[in-house]
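Have a look at the structure below before the remarks.
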Amino acid sequence: MSATRVLVLNSGSSSVKYQLLDMADGGRLAMGLVERIGEETSRLKHTPLVTGGESREWSGTIADHEAALQAVSEELAKDGLGLDSPELAAIGHRVVHGGQAFTEPTVVDGAVLAEIERLIPVAPLHNPANLTGIRTAMALRPDLPQVAVFDTAFHTTMPESAARYAIDVKTADEHRIRRYGFHGTSHAYVSRATAELLGRAPEEVNVIVLHLGNGASASAVRGGRCVDTSMGLTPLEGLVMGTRSGDLDPAVIFHLARVGGMSIAEIDTLLNKKSGLVGLCGDNDMREIRRRVDEGDEAARLAFDIYIHRLKKYIGAYYAVLGTVDAIAFTAGVGENAAPVREAAVAGLETLGLAVDGALNAVRSDEPRLISPADARVKVAVVPTDEELEIATQTYALVKKID
Ligand code: ADP
């Protein structure tokens, strides 16, 4: 029997999220999360999905990523799914920044590790943690293919006109400053799933994908290839997010430094952690914001309106970039669940062929679905994202090709 299981690892600086999938049928065997690695209050939550078992929680000290992965392996082993199993075909790692070098999923070797490391200056928060996860997994199963799947890869098809900032070319090149985009695994998955929902090949359709989670980004996808996306050198650019400002005049930063006396580190924290919805109204959960709006809260109303205004600007911009649009797809926590956001984002865009059917929009479901009126020129879709499945699919396809 050939190995068909793929373990997907998403390693953060103090957490590891994981899922074990069987690619024979794409089914999930187990999933879980280790949090607060390196603290006394580390926590592991493991959910076996094949055995129908209950979630198991454990807390105590998990000193580092190696101990975390060992603990995960022990939990998996209780259901006969341990990392030493011959049925494990590969480990797929989410890597946030692949720069221009990585346009596809890649089997990790020394050179790949070195390149991911070289990209740390443009992804100081994410790439070091991703590297730790890969190195730990390699030490645990050195015989197994370890595949890096990059958040940036889907966006490497952007033309230079979209990827370049209009700044001095020499300076930009010296510091590798350009628009890379993120959430690529989600944009790839959702744009393909949207084409499927329309019953058409991805090559035939133009889609605007709105990934609205705590982080949020939009992309313009022409015939299955990304031609523009809203995040840039870092995930700060673009839409209003849970805690990030998205687009702003770069001179705000000079002003805060010169007039506000703030340090670069303080401004970084302000724009990435204390802005967006949380900066505007103190909440970053769209459920809470909607509840407050319904109660007549002014700050929540303004935060919602700013969020929607920005979203609408990107829909319009990407409509113009694509020329013709077959569908707009909403995904991630807000996009999949917040009907008022979807309704407001396309309100008044009937002349662009865009509309939402109130009854369809109100339906709650985990399935991909259309929420536009039957005769709509441009379809509006809700397509739940599945980044783990996409990472596992890409990882498995690569190891099968090499086999
Ligand atoms: P991320 O992966 O970026 O952390 P998610 O895609 O899980 O985020 O999205 C999380 C966000 O989704 C929450 O902050 C919340 O604003 C929003 N969300 C989740 N469920 C709902 C819901 N039922 N209604 C409205 N918003 C929701």
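Index from 1, following the sequence. Note that ligands are numbered from 1 as they come in the structure, with each ligand's atoms numbered from 1 the same way.
- No donor-acceptor pair closer than 3.5 Å links the side chain of S219 to the backbone N or O of T229.
- Looking at R244 and N214, their side chains never bring a donor and an acceptor atom within 3.5 Å of each other.
- Of all protein heavy atoms, the one closest to atom 15 (C) of ligand 1 is D285 OD1, 3.5 Å.
- Ring centers of F182 and H155: at least 6.0 Å apart, outside the cut-off.
- Ligand 1 lies within reach of G215, whose nearest heavy atom is under 4.0 Å from it.
- Of the protein's non-hydrogen atoms, the one nearest atom 24 (N) of ligand 1 is R287 CG, 3.2 Å.
- D247 and Y314 form a side-chain donor-acceptor contact under 3.5 Å, judged by distance and modelled atom types alone.
- Which parts of ligand 1 touch R364 is read off a 4.0 Å heavy-atom cut-off, strictly below it: atoms 23 (N).
- Below 3.5 Å of separation, one finds no N or O of A332 facing any N or O of ligand 1.
- Under the 4.0 angstrom criterion, atom 2 (O) of ligand 1 counts as lacking any protein heavy-atom contact.
- Salt bridge absent: E74 and K78 never bring a charged side-chain N and a carboxylate O closer than 4.0 Å.
- Close approach to V334 involves these atoms of ligand 1, each under 4.0 Å from a residue heavy atom: 12 (O), 16 (O), 17 (C).
- Close contacts between ligand 1 and N284 involve ligand atoms 14 (O), 16 (O) [criterion: under 4.0 Å to a heavy atom].
- The heavy atom nearest to atom 27 (C) of ligand 1, out of those in G333, A338, G213, is found in G333.
- The shortest N or O to N or O distance between N214 and ligand 1 is below 3.5 Å.
- Scanning the protein for heavy atoms near atom 23 (N) of ligand 1, the closest one is N337 CB, 3.4 Å.
- Proximity of T385 to ligand 1, defined as any heavy-atom pair under 4.0 Å, is not found for any part of the residue.
- Side-chain contact of H65 with T136: a donor-acceptor pair under 3.5 Å is absent, judged by distance alone.
- Heavy atoms of H183 found under 4.0 angstrom from ligand 1: none, in either backbone or side chain.
- In summary, the side chains of Y165 and E237 do present a donor paired with an acceptor at a separation below 3.5 Å, with no hydrogens or angles considered.
- For the pair M286 and ligand 1, the shortest N or O to N or O distance falls below 3.5 Å.
- Judged purely by distance below 3.5 Å, without hydrogens or angles, the side chains of H211 and S186 pair a donor atom with an acceptor atom.
- A distance-only check finds no donor-acceptor pair linking the side chain of S217 to the backbone of M231 [under 3.5 Å].
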